[in-house]
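Numbered from 1 within each chain, the chains take letters A, B, ... in sequence-line order. For the numbers below, each heavy atom of this structure counts, side chains included, while hydrogens, waters and symmetry mates do not. If you're wondering where the values come from, they're calculated on a predicted model, not measured in any experiment.
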Protein chains: 2
Amino acid sequence: MSLDARSLDHSADRIPPKFDAAWSLGPSRPSPVANDGQGRVLSFDARHMIIDEADPARCSYVVLEGSVMISKMLPDGRRQIIELLGPGDVFGMTTNRVHESAAESLGPVRVAAYDAAALRADQDLQLMFAERMKSQICALHDHAMLLGRKTARERVSTFLIRLIPGRGGGGCTGPVGKDACGVTVSLTRQEIADYLGITLETVSRAFSQLKREGVLSYSRHDAVTVTNVCRLCRLTGAH
Amino acid sequence: MSLDARSLDHSADRIPPKFDAAWSLGPSRPSPVANDGQGRVLSFDARHMIIDEADPARCSYVVLEGSVMISKMLPDGRRQIIELLGPGDVFGMTTNRVHESAAESLGPVRVAAYDAAALRADQDLQLMFAERMKSQICALHDHAMLLGRKTARERVSTFLIRLIPGRGGGGCTGPVGKDACGVTVSLTRQEIADYLGITLETVSRAFSQLKREGVLSYSRHDAVTVTNVCRLCRLTGAH
DNA sequence: CGGCTAGTTGAAGACACTCAACGAGCGTGG
DNA sequence: CCACGCTCGTTGAGTGTCTTCAACTAGCCG
């Protein structure tokens, strides 16, 4: 069994949006987004700030390849990672003059940037943005539930389930044969913590506990095997 | 000084979206949304379920008048209120066959319902939906920060500041003369708690503490005077 | 090998939760 | 009219989960 989720065949446009695990993948296939030349294509290395908080708002972006994380900071340094985005997802939209959240590449990434004029001119592009915003709003709703009401253990379980394409969601088919699955965790413990609204120690403890209980196994930090997906699913609080 | 925020002159389309306090108002002015007859206008009493979780997805909605709250439940009964919406805001969009969150009227409310075909046919409507989704995504980002990283006291302070139009946000002008303001709290303590991701007791304690410290004063539960808006603002964690 | 980063684990403490009692306000009905 | 029940809010006491602080380990690179 592969430890690398990227070997699984699923494209961003077929997965129900709120369980889209595209951002968990390593180097990813090009997104289905048509780029008719109006959008400037930009490439960034890993951990590069694409948008800083309070940057003047010039463009909206589409992720073409790779993963992007959206975050916000409080003046005293507390950080919240708001969204984890994969190919097809959009970011940088604002009704304000400035961006209200930062965007950073998780790995090497390619994005397309569209200024307001380009967007206004292309109706297909507008529709695509609208569709994506809908799915991302669903994901944000789910995440608000996680942040507001779930325990640390449930948060970490939910996080891990989201890494497994097609599982844990409404359209989950249930276990198919041996119910194990390998996933690549491309975030540090600190980043997972900032995403889940807990501390890195709590994340670490939750991982260790799940490992001790036989739900997970791993030797490398970033290559985790979920031994029993259904059991993990029952720990998310959603079922 | 009035205890009723509705007396203040501000329309939904001029307020920066993430600090839009339209949902804090009582009976509200009609929204600027053009209703060209394609959308069915629906009216509901207070505390009426407009959408149940897992309802088949038929329409997208625009709030015309009144306030709507969007929420999700876990199977064990834990609830999270995800969004509080006012005139101009949209809800019910989904890429799925079913709605993934519930919508309930806070007071008497009028909404316009558009099915997919109506939306596809009207480009202005699409644009309006897209613009609103942008602002609501910003609000969801802000709220994720609140839920993930703020203390109970900061959450309640943020909640109260959001009730005050034009204050607490980026475009905050600072105190103008005597820095007091009356607001109408049209949610129960339980609802505030479910919105802020804490318990009703914690909400109550936070209110009491702020009152004891002289930041707030109130005799009725739903009519609160913020005695010193700037001081409250400094308690939100955002400044 | 030393220094650095990332992760794990332990001990102690704080913040919010749970459970419970009590009080205020309101509508109903005797 | 007042008693009653009901809902909603407040407050207290005790508990628990998660945080904080700190020590320690593993892996990596010069």
Side-chain angles (χ1 to χ4, degrees), chain A residues 46-47 74 76-81 106-107 146-160 183-213 215-224 235-237, chain B residues 46-47 74 76-81 106-107 146-160 183-213 215-224 235-237:
Chain A
R47 317 282 154 167
L74 291 177
D76 63 5
R78 281 175 286 176
R79 179 175 70 159
Q80 179 64 42
I81 295 177
L106 265 175
L146 179 147
L147 292 172
R149 288 301 180 210
K150 290 194 179 181
T151 65
R153 190 175 161 77
E154 289 169 341
R155 294 180 200 211
V156 171
S157 303
T158 307
F159 172 75
L160 285 166
V183 295
T184 326
V185 180
S186 53
L187 302 173
T188 65
R189 296 291 188 261
Q190 180 63 66
E191 286 163 346
I192 298 172
D194 286 346
Y195 183 51
L196 300 179
I198 49 182
T199 61
L200 77 162
E201 292 95 332
T202 304
V203 172
S204 184
R205 279 184 242 273
F207 267 89
S208 300
Q209 198 195 349
L210 291 172
K211 190 181 188 182
R212 233 178 298 123
E213 295 169 348
V215 183
L216 306 179
S217 74
Y218 56 92
S219 43
R220 286 170 54 99
H221 308 130
D222 58 346
V224 175
L235 298 175
T236 61
Chain B
R47 317 282 153 165
L74 291 178
D76 63 2
R78 280 175 285 177
R79 179 175 70 160
Q80 179 65 41
I81 295 177
L106 265 176
L146 180 147
L147 293 172
R149 288 299 179 212
K150 291 195 179 180
T151 65
R153 192 176 160 77
E154 288 168 342
R155 293 180 200 212
V156 172
S157 302
T158 307
F159 171 76
L160 285 166
V183 295
T184 327
V185 180
S186 53
L187 302 174
T188 65
R189 296 291 189 257
Q190 180 64 66
E191 286 163 346
I192 298 172
D194 287 346
Y195 182 52
L196 300 180
I198 50 182
T199 60
L200 77 163
E201 292 96 333
T202 304
V203 172
S204 185
R205 279 185 243 272
F207 268 89
S208 300
Q209 198 195 348
L210 291 172
K211 190 181 186 180
R212 230 177 302 122
E213 295 168 350
V215 183
L216 306 180
S217 72
Y218 56 93
S219 44
R220 286 171 55 99
H221 309 129
D222 57 347
V224 174
L235 297 176
T236 62

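Of all nucleotides in DNA chain C, those with any atom nearer than 4.0 Å to a heavy atom of chain A start and finish, going 5' to 3', at C:dG7 to C:dA11.
B:Tyr218 is not listed as a side-chain neighbour of B:Val185, based on a closest heavy-atom distance of 4.5 Å or more. Taking 4.5 Å as the limit, some side-chain heavy atom of A:Leu147 sits within range of a side-chain heavy atom of A:Gln80. Side chains of A:Arg153 and A:Leu210 form a contact here, defined as non-hydrogen atoms less than 4.5 Å apart.
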Inset, instruction - Report the C-alpha separation of B:Leu106 and B:Glu191 in whole Å, then their side-chain angles, then the decisive distance to 0.1 Å, and conclude whether the side chain to side chain contact (heavy atoms under 4.5 Å, CB included) test is met. - result: CA-CA 10 Å; B:Leu106 265 176; B:Glu191 286 163 346; 4.3 Å; yes

Inset, instruction - Please lay out, stage by stage, how A:Arg149 and B:Asp194 fare under the test side chain to side chain contact (heavy atoms under 4.5 Å, CB included). - result: CA-CA 8 Å; A:Arg149 288 301 180 210; B:Asp194 287 346; 2.8 Å; yes

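At the heavy-atom level, A:Thr188 lies under 4.0 Å from the strands shown only through sugar-phosphate atoms.
Whole-Å rounding puts the A:Gln209 CD to D:dT17 C1' distance at 12 Å. Atom NZ in B:Lys211 sits roughly 10 Å away from atom C1' in D:dT10 (whole-Å rounding).
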Legend entry - Per-nucleotide protein contact string for nucleotides 19-30 of chain D (B base, S sugar-phosphate only, - none; heavy atom under 4.0 Å): BBB---------

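Within the 3.5 Å criterion, the main-chain N or O of B:Phe207 finds no donor-acceptor partner in the side chain of B:Arg212. Judged by distance alone, the side chain of A:Arg189 and the main-chain N or O of A:Leu200 form no donor-acceptor pair under 3.5 Å.
Checking A:Leu196, A:Ile192, A:Leu235, A:Thr151 one by one against A:Val156, the side chain to side chain contact (heavy atoms under 4.5 Å, CB included) holds for a single residue, A:Leu196.
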